[in-house]
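Working notes for the structure below.
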Amino acid sequence: MSRLIKKISANAGMPPGSLIHIGDKRIEDTVITMMKYNLTEFEEKQIKDISGFPSVDDSSSIIWINIDGIDDIEFIEDVGRHFNLNHLLLESILNTEQRPRFEDYEDYIFVLLKMFYYDDKKRQIVSEHVGLVFGDNFLLSFQERNQDVFDTIRNRIRKDIGRIRKSRADYLTYTLIDAIVDNYFIVIEKIDDHLEGIEENLLSSPDTEVTQKIHNLKREMLFLRKSAWPLREVVGAFERSDSKLVHRTTGIYLRDLYDHVIQVIEYIEIFQDMLSGLLDLYLSSVSNRMNEVMKVLTVISTIFIPLTFIAGVYGMNFTYMPELQQKMGYPIVLTVMIIIAIGMLIHFKKKKWL
Amino acid sequence: MSRLIKKISANAGMPPGSLIHIGDKRIEDTVITMMKYNLTEFEEKQIKDISGFPSVDDSSSIIWINIDGIDDIEFIEDVGRHFNLNHLLLESILNTEQRPRFEDYEDYIFVLLKMFYYDDKKRQIVSEHVGLVFGDNFLLSFQERNQDVFDTIRNRIRKDIGRIRKSRADYLTYTLIDAIVDNYFIVIEKIDDHLEGIEENLLSSPDTEVTQKIHNLKREMLFLRKSAWPLREVVGAFERSDSKLVHRTTGIYLRDLYDHVIQVIEYIEIFQDMLSGLLDLYLSSVSNRMNEVMKVLTVISTIFIPLTFIAGVYGMNFTYMPELQQKMGYPIVLTVMIIIAIGMLIHFKKKKWL
Amino acid sequence: MSRLIKKISANAGMPPGSLIHIGDKRIEDTVITMMKYNLTEFEEKQIKDISGFPSVDDSSSIIWINIDGIDDIEFIEDVGRHFNLNHLLLESILNTEQRPRFEDYEDYIFVLLKMFYYDDKKRQIVSEHVGLVFGDNFLLSFQERNQDVFDTIRNRIRKDIGRIRKSRADYLTYTLIDAIVDNYFIVIEKIDDHLEGIEENLLSSPDTEVTQKIHNLKREMLFLRKSAWPLREVVGAFERSDSKLVHRTTGIYLRDLYDHVIQVIEYIEIFQDMLSGLLDLYLSSVSNRMNEVMKVLTVISTIFIPLTFIAGVYGMNFTYMPELQQKMGYPIVLTVMIIIAIGMLIHFKKKKWL
Amino acid sequence: MSRLIKKISANAGMPPGSLIHIGDKRIEDTVITMMKYNLTEFEEKQIKDISGFPSVDDSSSIIWINIDGIDDIEFIEDVGRHFNLNHLLLESILNTEQRPRFEDYEDYIFVLLKMFYYDDKKRQIVSEHVGLVFGDNFLLSFQERNQDVFDTIRNRIRKDIGRIRKSRADYLTYTLIDAIVDNYFIVIEKIDDHLEGIEENLLSSPDTEVTQKIHNLKREMLFLRKSAWPLREVVGAFERSDSKLVHRTTGIYLRDLYDHVIQVIEYIEIFQDMLSGLLDLYLSSVSNRMNEVMKVLTVISTIFIPLTFIAGVYGMNFTYMPELQQKMGYPIVLTVMIIIAIGMLIHFKKKKWL
Amino acid sequence: MSRLIKKISANAGMPPGSLIHIGDKRIEDTVITMMKYNLTEFEEKQIKDISGFPSVDDSSSIIWINIDGIDDIEFIEDVGRHFNLNHLLLESILNTEQRPRFEDYEDYIFVLLKMFYYDDKKRQIVSEHVGLVFGDNFLLSFQERNQDVFDTIRNRIRKDIGRIRKSRADYLTYTLIDAIVDNYFIVIEKIDDHLEGIEENLLSSPDTEVTQKIHNLKREMLFLRKSAWPLREVVGAFERSDSKLVHRTTGIYLRDLYDHVIQVIEYIEIFQDMLSGLLDLYLSSVSNRMNEVMKVLTVISTIFIPLTFIAGVYGMNFTYMPELQQKMGYPIVLTVMIIIAIGMLIHFKKKKWL
């Protein structure tokens with residue numbers, strides 16, 4: 001079992017804004033890619049270090065810098081210095097245990113959220129920390145490792161599909177969050193499959209592992225919910241924001257996104273209810289089977305224990321037992337035994353125990 | 001077991017407003033019917049394709065176009081273009097997993113909701129996706145397949161019953177939603193019947209299937225509730241809307257409709273509580289029966305095991321067992337056995353085990 | 001078991017305001033009584049049909065018309081026409097499944113609520129639908145059948161007790177609602193008695209029927225709560241109403257009434273918690289008794305099964321069994337058996353199984 | 001078991017403001033004490049009847065009249081007339097089932113609440129109804145019987161301790177409520193002791209009475225909570241009141257009092273959670289013990305039933321059973337039996353059943 | 001078991017603001033340390049008694065006085081007099097059962113909260129009462145005993161790390177609260193470890209102690225939650241405060257702190273859910289094992305009881321039992337027995353009981 005909570009207390013006692021990476025190291029070297037585009041022009045390149053970062057003061061083009069890998073603290077600090085970012089913001093990006101949030105710093109807006117994957121091999125949900133900082137004409141995106149979730153967006157920029165090349169950085173930020181929330185639905189479908197599997201299992205051959213599986217899924221739901229719930233506030237705050245960085249035309253998309261987030265939360269809650277229902281179903285099926293077992297034991301015992309007693313009586317070695325000498329003794333006793341057994345069987349049939 | 005969640009992730013990674021049909025194909029060919037009416041005139045016809053669509057700019061008549069079948073994406077796109085509808089709106093109409101919503105686009109208002117049927121054969125609730133778009137003098141209604149729910153409304157228009165011919169498109173929209181919510185009550189009655197059946201079953205002959213039935217109904221309630229809950233917000237937003245498309249006179253009807261929606265939600269919650277109650281009742285009846293079984297086993301065992309032991313003692317083959325030679329040995333032992341048995345029976349009678 | 005939900009879907013597909021009676025027919029003929037009073041004058045009479053209805057335009061006297069029986073749709077329609085009432089209002093009066101509501105129609109105010117009785121014979125709660133419509137100087141009250149709940153109020157009017165003759169129709173409406181809510185307390189006391197009975201039963205002689213009783217009471221609480229909960233909003237809306245029909249002096253009485261409604265709801269919730277508690281108590285007492293049964297079985301089996309085995313060994317027919325020929329064999333074996341039995345008993349005593 | 005709810009329906013059908021005492025008669029004769037004080041003067045005396053009541057119009061001194069006993073309706077009515085109190089207020093004072101409330105009547109303010117004692121003999125919580133009415137310079141306090149809770153406050157007035165002689169009637173009212181809430185903490189400590197006792201009991205020697213005790217405490221918590229919860233609103237309304245009778249300087253004390261009330265509610269909720277926890281603990285310990293019992297039964301049965309069967313086989317009386325004549329037959333069979341028994345024991349040891 | 005609630009009723013009946021220490025004595029002598037600093041200067045010293053206290057009127061430097069030990073009432077009273085603090089505030093500092101609060105006294109602000117440690121030896125959470133009073137240029141911190149939680153902050157002041165020397169007393173107060181909340185995370189990690197240990201235990205060797213452990217942890221969560229929940233309001237009130245003592249620049253840090261508090265509460269709630277889940281898992285594993293035990297008993301009994309009966313029949317001593325004389329009698333009976341046994345085994349194999 002992997003640890004649920006990473007060393008969240010690592011920066012206890014540090015001054016606020018101290019940069020400490022909390023989380024697993026997930027990538028060898030930090031990978032930085034830059035896209036620069038406007039309606040007519042488009043440029044894409046790999047950046048090695050902070051010296052290659054462009055200036056974002058010239059506002060004609062949108063600059064999107066994506067940083068995969070957040071464990072190189074010095075580099076993150078350089079980025080912060082280059083874009084003049086608040087230290088608390090950088091601390092949040094480094095701390096993978098930080099909860100999703102939306103923070104307006106006037107010159108730029110900071111969005112922190114969780115991405116989710118379903119690891120098919122380990123059959124468990126993997127969560128990843130994503131930080132987004134956008135101004136009027138730039139977006140910085142921080143990820144724990146190289147993922148292909150944003151590739152479709154890169155394609156849309158390259159091929160000028162949809163409104164993306166016509167819009168400002170707030171719309172680009174929206175598309176990234178939208179892509180992340182779309183990924184939540186994939187995870188939800190996987191869980192739905194998983195749940196269905198458990199239910200079929202439970203009905204065909206209920207075994208002990210089922211409770212363990214239900215328990216594990218329940219726990220994953222708790223952590224999924226913990227990440228999805230605050231996302232509601234994040235997207236809500238984004239939508240209601242009166243910052244000049246968020247344009248009116250993006251509002252309708254954010255409202256749509258908000259609905260998707262609500263939907264994610266609803267599915268999680270339904271899954272939680274279904275898991276409780278499955279546990280109830282399991283427990284009642286266990287009771288039922290116990291009942292079956294008990295009935296068999298009781299029927300067998302109740303029929304044969306009295307008969308064995310009768311046999312025991314005529315197995316006694318008393319010298320004077322008149323029945324033993326009678327010729328019809330044995331068949332009579334056997335008949336009595338059969339009558340008793342049949343009587344019992346009828347009785348149990350009536351009680352519906354058979 | 002059918003899949004609960006359709007391929008909701010199908011448009012993950014697509015630009016917002018991408019038109020992808022998420023759901024089952026439920027109709028062969030899209031069927032389009034148009035009604036055009038005002039206080040004095042009335043016209044009704046079948047339309048084949050987008051070329052037959054009327055212009056809605058002339059505001060003297062109300063035009064209601066009903067579209068059965070939402071899987072012909074190109075056609076839906078054409079409709080969107082004809083009425084100048086937002087792409088996110090079209091995406092919502094095509095995605096049957098989208099949650100109910102009310103969206104004001106100034107020139108038109110969009111209402112998305114779920115219709116419910118009770119499939120008597122499969123004994124399960126069927127949900128259907130309905131999208132309504134209305135302006136001042138037109139209403140577009142999108143359904144997954146041809147249903148007869150709106151037939152009574154068509155009759156009212158044809159025969160000029162009630163206020164419908166005297167009102168604008170907002171009132172027509174209200175009547176459609178009202179018809180859908182009325183259908184919810186039919187589903188609720190079916191579930192009520194079903195619940196009653198389960199309860200009687202549980203009391204007369206409690207079997208293992210009952211838990212399965214309770215579990216299934218519980219799950220259906222979860223999904224029913226998921227659709228009914230946001231409908232509250234939808235109708236509430238409709239009622240409170242300050243759009244010029246929603247007339248003051250419709251307000252009182254919407255308030256009435258809101259009350260009906262609340263009632264639907266209340267019934268669903270009561271059903272959920274009753275299902276939990278039934279499960280408790282079932283479990284306690286299982287415990288009780290287990291207790292009965294155990295008592296029978298214990299009574300039989302406790303009476304005969306000691307007697308069998310006594311018989312066993314006098315079945316031992318020791319050469320020197322003085323009792324065996326005594327003439328009264330056998331009757332005395334038999335008497336002792338009977339006394340023990342009667343004593344036990346009295347004891348159990350006192351303990352109320354018999 | 002009676003049907004919980006009446007044919008609520010009867011008016012599905014009808015235009016809003018369609019008058020259909022949903023509920024049981026509870027009275028043969030509609031009975032109409034009228035009281036007309038002011039500070040100095042007082043008149044009381046039975047009215048046969050709509051032709052006998054007074055005009056309410058002359059505002060010097062208060063006119064209270066009470067209608068017992070709501071299944072004569074034509075008559076209700078006539079009443080509506082006479083007082084110029086909204087059709088949705090009439091629909092609500094006829095539909096006994098409609099939830100409690102408060103609606104301000106400017107010229108008159110409409111209050112819909114539930115009355116409750118405890119049917120001592122059937123040991124169940126009976127609910128009745130009550131509709132009240134009041135203007136400045138008139139009150140219409142609709143009941144399902146003739147009840148004596150309002151008799152004390154009639155007496156107060158006849159004998160000029162309290163503020164009733166000095167006040168307007170809003171105060172009269174308040175007194176009717178107050179009388180209905182007072183009746184709730186009678187029902188609550190009955191349930192309290194019932195609950196106490198169940199609890200004593202459960203402690204003295206817990207039987208299977210108890211769970212059934214708890215279950216039934218639980219279900220009744222669900223329906224009671226369903227009617228009481230919206231009453232809170234109704235009385236709250238009445239109190240906060242800024243209609244000119246609700247006078248400032250009535251406010252303090254409505255606040256008091258509101259408190260009573262809250263109290264009713266609190267009792268219902270406490271009863272629900274107590275019923276859950278009783279079920280827990282029952283289940284744990286069942287477990288306990290099961291435990292007792294198991295202990296008896298185990299003690300008896302554990303003592304006698306080994307002894308029976310020993311007896312069985314010396315009942316074997318081997319030719320060469322040296323113990324059998326020894327003179328002290330039999331008493332020694334008996335002694336061993338007694339020692340084993342006593343040892344077992346001491347062991348069980350220590351384990352507190354005896 | 002005492003009745004939980006007193007005859008709350010006694011005034012059903014009465015006009016509002018009808019004075020009827022609902023509750024137990026707890027005192028023989030009504031006792032009235034008066035304190036009159038200002039910064040420099042102080043007077044204390046017993047009053048016999050309404051004729052001895054002072055006028056409260058002279059505003060230089062604070063007059064506190066304490067009335068023990070609320071079942072003398074005529075007297076209460078006289079008091080009401082003397083101070084010109086609203087009839088609904090008097091009805092609330094007489095009705096011990098009335099829920100706590102705060103009501104501003106402009107000239108005076110009315111506070112209704114519950115006092116609690118722990119009856120050490122009966123080991124149960126006793127609740128008492130307290131009504132407080134205060135104007136600018138007077139306070140009327142109504143109690144069900146003579147209690148010593150307010151004695152410390154009387155002492156503070158007598159000896160001029162703290163701010164009490166320097167403040168107006170609102171502060172005096174606050175000190176009375178504070179004394180009552182302080183008493184809640186005594187009750188809470190008693191329950192805490194009780195709970196701890198139950199827990200120790202449950203761990204050392206779990207018996208059937210424990211569930212009964214838990215159940216009783218659960219029920220008492222329900223009623224305690226019912227009284228404490230609205231107190232929150234009462235003190236909150238007192239604090240936020242903009243009446244000229246509540247002075248700004250009292251605000252900070254009321255805020256402190258509010259915090260105490262919240263604390264009381266928190267403790268009650270924690271106790272409720274702990275009681276649920278104890279019930280779970282009890283049930284799981286019952287299951288565990290059941291499991292133990294079953295294991296003993298199974299081990300004994302599983303070892304001896306097969307052995308008894310073997311003994312039974314060689315106890316058969318067939319003429320031709322070659323084993324019986326062999327000299328080593330008996331020891332071989334015994335050895336086989338011992339091997340089987342040991343094998344079983346090892347098996348159970350491995351399964352951790354022993 | 002230690003008492004959960006200290007003598008909270010000790011000051012029942014005392015005038016408000018009475019100084020009584022409620023809690024355990026945790027330190028021998030009160031230890032007072034003072035730090036005085038501004039951007040350029042820094043001074044640190046131990047203070048013996050109130051005479052050594054500096055005046056805080058000169059506003060150029062920040063003065064932080066830390067007081068370890070709150071049971072010397074006289075001294076606390078002296079401090080209160082020196083800083084002119086409200087008596088209710090001092091009462092709250094002395095009462096370790098007081099719930100967290102934020103109170104603005106205009107000239108100074110009072111924050112009361114709980115610190116938590118995990119006592120590794122006793123494996124339980126220890127809570128400590130902390131009171132903070134700050135004005136523009138001074139901070140008083142009251143702790144129950146000498147702790148090293150604030151040492152890192154002292155170091156930051158000494159070495160001029162971060163913003164602390166550049167900011168006013170509100171920022172210093174923030175850093176103290178931040179250090180305390182950081183400590184919560186350490187406690188949360190310990191509980192997480194503990195929980196994981198319980199889960200592994202439960203899966204490998206489920207024993208009776210597990211429920212006891214779960215129960216204890218559940219109770220600790222209740223108390224942890226009781227302290228953490230109001231902290232949310234405290235930090236929220238601090239952030240939203242419009243006092244001139246709270247500077248705008250501190251707002252962003254307080255928002256960050258607020259997020260941390262929310263995170264603490266979320267973890268506590270997740271732990272509570274997980275503990276419920278573990279209990280469910282435990283109970284279902286107990287049921288499962290019970291089922292296993294029952295199956296073994298039933299299989300053994302069902303196979304051997306009929307066989308023993310057959311053996312018993314041929315052990316009867318009837319003179320005329322033809323089978324006994326037949327040569328093949330014995331082998332035939334043995335064969336029949338073996339067939340029955342094998343038949344039973346196959347039957348149980350099919351039923352998956354083996």
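Since this is a predicted model, take the numbers as computed values, not measurements. Proteins get letters first, then strands, A, B, ... in listed order; numbering begins at 1 in each.
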In this structure, are over 12 heavy atoms from other groups packed under 6.0 Å from Lys159(A) atom NZ? no
Are more than 12 heavy atoms, taken from residues, nucleotides or ligands other than Lys352(A), located less than 6.0 Å from that residue's NZ atom? no
Taking [X] for its side chain and [Y] for its backbone only, find out whether a donor-acceptor pair lies under 3.5 Å.
X: Glu266(A); Y: Ser227(B); result: no
X: Ser284(A); Y: Thr211(B); result: no
X: Asp256(A); Y: Leu88(B); result: no

In terms of heavy-atom proximity below 4.5 Å to chain A, should [X] be classed as side chain, backbone, both, or neither?
X: Leu307(B); value: both
X: Ser92(B); value: side chain
X: Phe309(B); value: neither
X: Asn86(B); value: side chain

Which bit of [X] comes within less than 4.5 Å of chain B, counting heavy atoms only: side chain, backbone, both or neither?
X: Tyr174(A); value: side chain
X: Arg163(A); value: neither
X: Phe304(A); value: neither
X: Tyr184(A); value: neither
X: Ile252(A); value: both

For chain B, which candidate among Asp151(A), Ile262(A), Thr308(A) shows the most heavy-atom pairs at distances under 4.5 Å? Ile262(A)
Mind ranking Pro306(A), Ala311(A), Pro322(A) by heavy-atom pairs under 4.5 Å with chain B and telling me who comes out on top? Pro306(A)
From [atom1] ([X]) to [atom2] ([Y]), nearest 0.5 Å:
X: Asn317(A); Y: Met321(B); atom1: CG; atom2: CE; result: 7.5 Å
X: Gln212(B); Y: Glu199(A); atom1: CD; atom2: CD; result: 6.5 Å
X: Arg255(A); Y: Glu103(B); atom1: CZ; atom2: CD; result: 4.5 Å
X: Glu97(B); Y: Ile188(A); atom1: CD; atom2: CD1; result: 10.0 Å

Could you tell me which of [options] has the largest number of non-hydrogen atom pairs under 4.5 Å with chain A?
options: Ile305(B), Ile310(B), Leu297(B), Ile303(B); value: Leu297(B)
options: Val296(B), Val313(B), Val299(B), Leu283(B); value: Val296(B)
options: His87(B), Met294(B), His215(B), Glu292(B); value: His215(B)

As a quick check of understanding, evaluate side chain to side chain contact (heavy atoms under 4.5 Å, CB included) for Arg99(B) and His260(A), giving each step before the final call. CA-CA 8 Å; Arg99(B) 72 195 293 265; His260(A) 288 165; over 6 Å; no
4.5 Å side-chain heavy-atom contact, Ile300(B) and Ser301(A): no
For residues 325-340 of chain B, which side-chain N or O atoms pair as donor and acceptor with protein atoms under 3.5 Å away, sequence neighbours left out?
from: Tyr330(B); atom 1: OH; to: Glu323(A); atom 2: OE2; distance (Å): 2.8
from: Thr335(B); atom 1: OG1; to: Pro331(B); atom 2: O; distance (Å): 2.6

Could you tabulate the donor-acceptor pairs under 3.5 Å formed by side-chain atoms of residues 270-282 of chain B, not counting sequence neighbours?
from: Gln272(B); atom 1: OE1; to: Arg225(B); atom 2: NH1; distance (Å): 3.0
from: Ser276(B); atom 1: OG; to: Gln272(B); atom 2: O; distance (Å): 3.3
from: Tyr282(B); atom 1: OH; to: Asn288(A); atom 2: OD1; distance (Å): 3.2
from: Tyr282(B); atom 1: OH; to: Asn288(A); atom 2: ND2; distance (Å): 2.7

